[in-house]
Amino acid sequence: MSIKTIHGSLTKTRFSLRSALATTMIVASGTLFGQNLKPVSYQDGGQKLNGMITSNAGKKLPGVLILPAWKGIDQEAKTAAAELEKQGYIAFIADIYGEGNIPADNESAAKTSGYYKKNYDAYQKRISLALEQLKKNGAIPAKIAVIGYCFGGTGALESARGSLPVAGAVSIHGSLGKDQTRKNGPIGAKILVENPADDKGVTPEDYNNLIKEMNEGNADWQIITYAHSKHTFTDPKSPDYNEVMAKRAWNHTLMFLKEILK
């Protein structure tokens with residue numbers, strides 16, 4: 001083996017170790033900060049919902065509603081909440097499914113999230129209930145945004161489609177498509193879509209239909225596409241994780257929130 005080959009192997013090893021260490025630190029940091037999140041129970045009729053809110057609840061601050069991915073409240077959502085608190089926002093993580101309905105595996109997650117995608121009015125109602133909790137815990141009503149991951153990214157778009165009282169919505173590797181029998185309506189919330197370039201779940205038709213929907217709704221919108229990124233590129237626990245692009249996406253999220261909420 002040549003010295004050049006050995007050097008290349010060592011360089012790759014160091015890079016891999018740095019990436020693994022960075023991922024471990026991000027997850028550990030999120031877990032630590034996640035311990036400061038407070039549980040909040042609320043209701044949708046007879047269904048109990050269990051959300052989580054940052055420790056700065058009660059202060060008069062801009063608010064961010066976090067819609068988690070298809071398995072419910074997870075570490076990525078908790079880490080985001082902790083980071084948003086450090087930026088001066090009250091963050092509330094919504095419980096869309098409700099107590100006793102949290103999916104245990106991918107199959108049940110696909111089925112349950114699929115129900116809310118199809119029954120978008122039920123999804124919008126659960127988002128609306130979570131927004132009420134965020135306001136009850138101090139968020140300034142005129143300064144609230146929604147961000148969502150995966151299934152939650154779909155929900156972020158649904159909050160805009162449903163004309164819910166939010167200043168903006170961020171869809172992070174969310175599904176962009178909607179039933180084309182639904183008419184396009186006005187979009188008042190500002191929209192940021194963070195789209196991984198290699199997400200097989202987003203078709204060219206979905207992408208183009210979303211642009212058409214945004215334009216017909218006279219929305220203030222933007223789509224940022226992240227190169228060499230698969231579906232769950234922002235999640236450190238996912239094999240799709242792209243550290244460089246995940247950091248960029250988060251910085252874009254913070255820049256967007258600062259513009260519309262502060």
Side-chain angles (χ1 to χ4, degrees), residues 44-45 47 49 51 62-70 92-98 110 112-135 139-196 199 201-225 231 249 252-253 255-257 259-261:
D44 181 3
Q47 176 62 62
L49 305 167
V64 180
L65 177 65
I66 300 172
L67 303 178
W70 68 343
F92 183 77
I93 309 174
D95 176 10
I96 299 300
Y97 300 143
T112 308
S113 63
Y115 168 84
Y116 285 97
K117 287 180 182 179
K118 182 177 180 180
N119 297 278
Y120 60 89
D121 52 344
Y123 199 179
Q124 290 173 1
K125 182 182 180 185
R126 291 281 167 93
I127 296 169
S128 182
L129 291 170
L131 286 170
E132 288 301 315
Q133 292 301 314
L134 181 55
K135 286 185 282 188
I140 301 169
K143 294 187 176 183
I144 291 177
V146 178
I147 73 171
Y149 295 89
C150 187
F151 167 60
T154 304
L157 292 176
E158 285 299 338
S159 71
R161 289 168 177 149
S163 299
L164 301 187
V166 296
V170 184
S171 175
I172 305 168
H173 54 80
S175 174
L176 307 185
K178 72 168 186 178
D179 186 342
Q180 287 304 294
T181 62
R182 293 172 63 185
K183 293 182 179 179
N184 293 335
I187 302 290
K190 296 183 179 182
I191 304 293
L192 170 60
V193 174
E194 298 179 354
N195 181 56
D199 189 342
V202 175
T203 67
E205 290 77 17
D206 289 339
Y207 188 93
N208 292 331
N209 284 335
L210 179 69
I211 292 175
K212 182 174 183 288
E213 178 186 5
M214 293 295 109
N215 286 335
E216 289 185 359
N218 196 31
D220 178 339
W221 65 272
Q222 58 189 316
I223 299 175
I224 303 176
T225 299
H231 178 55
H252 291 147
T253 298
M255 182 169 62
F256 178 79
L257 293 176
E259 176 191 323
I260 66 173
L261 298 181

Exercise. Could you state the interatomic distance from CD (Q180) to CG (D206), rounded to the nearest 0.5 Å?
Worked result: 8.0 Å
Exercise. What pairs meet the salt bridge (charged side-chain N to carboxylate O under 4.0 Å, His left out) rule with one or both residues in residues 157-166, with sequence neighbours excluded?
Worked result: E158-R161, E158-R182, R161-E213
For this session: Say whether, by atom type as modelled, one donor and one acceptor occur between the side chain of N119 and the main chain of D121 under 3.5 angstrom.
Result: no
Exercise. Quick one: CG on L257 to CD1 on I144, what's the gap to the nearest 0.5 Å?
Worked result: 12.5 Å
Exercise. Of the non-hydrogen atoms in S171 and T154, which two are nearest, and what is the gap between them?
Worked result: OG-N, 4.3 Å
Exercise. Sequence neighbours excluded, which residues qualify as side-chain hydrogen bond (donor to acceptor under 3.5 Å, both in side chains) partners of D179?
Worked result: T181
Exercise. Do you know which two heavy atoms are closest between S159 and A156, and how far apart they sit?
Worked result: OG-O, 2.5 Å
Problem set entry | Distance in Å, T203 OG1 paired with N208 CG, rounded so as to fall on 0.5 Å steps | 8.5 Å
Problem set entry | Set of residues satisfying side-chain hydrogen bond (donor to acceptor under 3.5 Å, both in side chains) with respect to K135, sequence neighbours excluded | E132
For this session: Kindly compute the distance separating CG (L67) from CD1 (I147), expressed to the nearest 0.5 Å.
Result: 8.5 Å
For this session: Evaluate side chain to side chain contact (heavy atoms under 4.5 Å, CB included) for F92 paired with I66, printing each intermediate quantity in order.
Result: CA-CA 6 Å; F92 183 77; I66 300 172; over 6 Å; no
For this session: Check whether any side-chain heavy atom of V64 lies under 4.5 Å from a side-chain heavy atom of V146, and answer yes or no.
Result: no
Exercise. When you look at I187 and N218, which way does the side chain to side chain contact (heavy atoms under 4.5 Å, CB included) test go after all the steps?
Worked result: CA-CA 6 Å; I187 302 290; N218 196 31; over 6 Å; no
Exercise. Taking side chain as C-beta onward, heavy atoms only, is H231 less than 4.5 Å from C150?
Worked result: yes
Exercise. Side chains of I127 and L65: closer than 4.5 Å at any heavy-atom pair?
Worked result: yes
Exercise. Side chains of P68 and I93: does their closest heavy-atom pair fall under 4.5 Å?
Worked result: yes
Problem set entry | Minimal non-hydrogen separation, P62 against L261, with atom names | CG-O, 3.7 Å
For this session: Evaluate the criterion side chain to side chain contact (heavy atoms under 4.5 Å, CB included) for residue pair K178 and K117; output intermediate values, then yes/no.
Result: CA-CA 8 Å; K178 72 168 186 178; K117 287 180 182 179; over 6 Å; no
Exercise. In chain order, what residues pass the salt bridge (Lys or Arg N to Asp or Glu O under 4.0 Å) check against D44, with sequence neighbours excluded?
Worked result: K125, R126
Exercise. Would E194 and T253 count as having a side-chain donor-acceptor pair, cut-off 3.5 Å?
Worked result: yes
Exercise. To the nearest 0.5 Å, how far apart are CE in M255 and CG in L192?
Worked result: 8.0 Å
For this session: Scan F151, Y123, W70 and name whichever one has a ring pair (Phe, Tyr, Trp, His ring centres under 6.0 Å) with Y97.
Result: F151
Exercise. What are the two closest non-hydrogen atoms of A94 and A130, and how far apart are they?
Worked result: CB-CB, 3.6 Å
Exercise. Residues two or more places apart in sequence or in another chain: which of them pass side chain to side chain contact (heavy atoms under 4.5 Å, CB included) with I223?
Worked result: V193, N195, Y207, L210, I211, W221, T225
Exercise. Looking only at heavy atoms, what is the nearest atom pair of S128 and L164, with distance?
Worked result: N-CD1, 4.1 Å
Exercise. OH/Y120 to CG/L157 distance, rounded to the nearest 0.5 angstrom?
Worked result: 14.5 Å
Exercise. Who are the side-chain hydrogen bond (donor to acceptor under 3.5 Å, both in side chains) partners of E216, not counting sequence neighbours?
Worked result: N184, K212
